[in-house]
Amino acid sequence: MNIKKNRNEKPDLLIVGAGPVGCVIAERAAKIKNWSCLIVEKRNHIAGNCYDEINKKGLRIHKYGPHYMRFKKRKIFDYVSNFTKWIKGNYIVKSSVKGELYPIPINLDTIEKFFNKKFKSSKEAKNFINTLKIRKKKIKNSEDFILSKLGKDIYENFYKNYTIKQWGIHPKNLNKSVVGRLPIRFNRDPYYVNQKLKVMPKKGYAHLFKNMIKNKKIKVLLNTSYEKIKNNISPSIATIYTGPPDVFFNYKYGKLNWRSLDFKFKTLKKNKIQECVQINFPNENKFTRKVEIKHVTKQKSKYSTISYEFPKSKGDPYYPVNNKKNSILFKKYKKLIKKMENKNIYFEGRLASYRYLNMDEVIECALNLFNKLKKKYK
Ligand code: FAD
Ligand code: UDP
């Protein structure tokens, strides 16, 4: 669509970003309120960081890192199920430490193998780990968190260097919630996530989100940044912005830090390359993890693709950096964000709210925002 020709474009909603949040808001607004929605997306595809595509060998790859869908709440699962069929998502991750593979999250098998012990019960393992814990009066950061739960040996072999590589920051200087994302288990549950509802969209994420925005009231402009069109398109109801807040406010208070990744893909003529979908490398190599997504897409092929993730500080914003500096800075932006609601501009999503959110969580946020808009603009 040519922007100049559409100077007078007046959708009810202008939505910035065709990621999960943008697609959910558009779907609800078009279906429930019959509002016309224009989504502008600076990339050449929809689905945000969940985007997947088929490569030259016919294999589905996750372009921006592995996306393991899981749902904390059944009602969010039910909503997304309107747009896709599912296959099971039994994600298994291992960590390579001193040449051996160990289950991640840390579980009873990891503890037994690493310490070369056998425990008759979870309780026995807990008692053993209790002798290793380093007690802290106050858990101030990611280092304190793991030392106080698992002790020094596990911290140093499984967490410390992975975290330094992933964030370019020592765990002492990261909020405890960063490493706290991973469960710690004293049972033999081998799966990466705790949720029972763990599923993969049968035909992938791009297909799911394409289905979601099929409504005729929804238009999408790809390869179009908000900055390029904001003076030409004014929505009659509201703007939903899902990009980074510092960019929106032209870095008024300075830059928020984001962590980014380089993905290197390699396809081999092999049914399977590694024993599970993800292998983490805390201590060796420049990459953090190797992902063979075929383990969870369950495609049948003579080929398989593996991706290597190299963390970096510049590039597309993937992870908000949860430390003191950014939390102070974001609080300042948050005040501006709140004020923008008076101008009918709303911020939502992982980038816009500068929160380390999973897909089910941002979908829930988007549904909540839609309910708020629905009540406000009748
Ligand atoms: P995004 O998906 O980031 O979409 C925002 C869109 O807005 C982007 O397409 C962007 O190009 C566009 N945009 C931004 N600014 C502008 C602008 N100015 N103009 C036009 N367009 C703009 N979640 C899980 O549940 N499970 C996982 O296993 C998982 N793994 C992940 C692995 C990685 C490496 C990453 C980075 C994230 C992972 N996530 C995972 C999180 C998941 O990607 C996010 O929760 C989800 O994509 C957030 O949706 P969103 O709509 O808020 O933002
Ligand atoms: N982490 C770690 N070792 C691992 C896996 C994770 O130290 O083997 C830490 C690391 O700081 C990481 C955080 O836990 O950034 C969260 O891990 P998760 O696997 O949830 O990261 P994501 O999939 O979001 O990149």
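In what follows, every heavy atom counts, from backbone to side chain, and hydrogens, waters and symmetry copies are set aside. Every number for a ligand or one of its atoms is a count from 1 in the order of the listing. One-based numbering along the sequence shown.
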message: Using a 4.0 Å cutoff against the non-hydrogen atoms of Tyr356, which atoms of ligand 2 qualify?
response: 16 (C), 21 (O), 22 (P), 24 (O), 25 (O)
- request: Identify whether NZ of Lys or CZ of Arg in Lys113 sits under 6.0 Å from the centre of the six-membered ring of Tyr102 and within 45° of that ring's axis.
  value: yes
query: With no hydrogens and no angle check, is any side-chain donor or acceptor of Thr224 less than 3.5 Å from a backbone partner on Leu222?
result: yes
task: Examine the side chains of Asn344 and Tyr377 and answer whether a donor and an acceptor come within less than 3.5 Å of each other.
output: yes
- request: State if Tyr68 counts as touching ligand 2 under the rule of any non-hydrogen atom under 4.0 Å.
  value: no
message: Among Tyr253, Tyr333, Tyr241, Tyr346, which residue satisfies the ring-ring contact (aromatic ring centres under 6.0 Å, His included) criterion with Phe248?
response: Tyr241
- prompt: Relative to Tyr303, does Arg60 satisfy both conditions: NZ or CZ under 6.0 angstrom from the six-membered ring centre, and within 45 degrees of the ring's axis?
  reply: no
- prompt: Do Val40 and Ile345 belong together in a cluster built from hydrophobic side chains that touch within less than 4.5 Å?
  reply: yes
message: List ligand 2 atoms under 4.0 Å from Thr163, heavy atoms only on the residue side.
response: 7 (O), 9 (C), 10 (C), 11 (O)
message: Centre-to-centre under 6.0 Å for Phe263 and Tyr308, is that the case here?
response: no
message: Is any side-chain heavy atom of Phe330 closer than 4.5 Å to one of Asp246?
response: no
message: Between Tyr68 and Gln278, do the side chains contain a donor N or O and an acceptor N or O under 3.5 Å apart?
response: yes
query: Just heavy atoms, cut-off under 4.0 Å: does Tyr159 contact ligand 2 by side chain, backbone, both, or neither?
result: both
Per-atom contacts, ligand 2 versus Arg289 - under 4.0 Å to a heavy atom: 22 (P), 23 (O), 25 (O)
field: Close-range residues for ligand 1, whose non-hydrogen atoms fall below the 4.0 Å threshold
entry: Val16, Gly17, Gly19, Pro20, Val21, Val40, Glu41, Lys42, Arg43, Gly48, Asn49, Cys50, Tyr64, Pro66, His67, Tyr68, Arg70, Thr224, Ser225, Tyr226, Glu227, Thr242, Gly243, Pro244, Leu261, Tyr318, Tyr319, Gly349, Arg350, Leu351, Leu357, Asn358, Met359, Val362
- line: Quick note on ligand 2: atoms under 4.0 Å from a heavy atom of Phe158 include exactly 2 (C), 3 (N), 4 (C), 7 (O), 8 (O)
message: Among all protein heavy atoms in this structure, tell me which lies nearest to atom 12 (C) of ligand 2, with the distance rounded to 0.1 Å.
response: Tyr162 CE2, 3.8 Å
message: Closer than 4.0 Å to some heavy atom of Asn280 - which atoms of ligand 2 meet that?
response: 4 (C), 5 (C), 8 (O)
statement: Residue pairs meeting salt bridge (charged side-chain N to carboxylate O under 4.0 Å, His left out), one or both in residues 251-266, sequence neighbours left out, come to Asp262-Lys312
query: Which residue supplies the protein heavy atom nearest to atom 20 (O) of ligand 2, what is that atom called, and how far is it?
result: Arg181 NE, 3.0 Å
- prompt: Could a heavy atom of Lys160 be found less than 4.0 Å from some atom of ligand 2?
  reply: no
- request: Could you tell me whether Asp316 and Arg43 make a salt bridge, using a distance below 4.0 angstrom between a side-chain N and a carboxylate O?
  value: yes
query: Using a distance-only test with no angle check, is there a side-chain donor-acceptor pair under 3.5 angstrom linking Lys294 and Ser301?
result: no
task: Can you pull out the closest protein heavy atom to atom 13 (C) of ligand 2? Residue, atom name and distance to 0.1 Å, please.
output: Val178 O, 3.4 Å
- request: May I ask you to decide if the ring planes of Tyr79 and Phe83 are parallel, tilted or perpendicular, using 30° and 60° as cut-offs?
  value: perpendicular
query: Does Tyr91 have Arg70 sitting over its ring (NZ/CZ under 6.0 Å from centre, angle to axis within 45°)?
result: no
- request: Of the side chain and backbone of Leu182, name the one, both, or neither that has a heavy atom under 4.0 Å from an atom of ligand 2.
  value: side chain
Protein heavy atom at shortest distance from atom 15 (O) of ligand 2: Trp167 NE1, 2.9 Å
task: Enumerate the atoms of ligand 2 whose separation from the nearest heavy atom of Tyr192 is less than 4.0 angstrom.
output: 18 (P), 19 (O), 20 (O), 23 (O)
query: Counting each atom of ligand 2 from 1 as listed, which ones have a heavy atom of Gln166 under 4.0 Å away?
result: 15 (O)
query: Looking at atom 25 (O) of ligand 2, what's its closest protein heavy atom, distance included?
result: Tyr319 OH, 2.6 Å
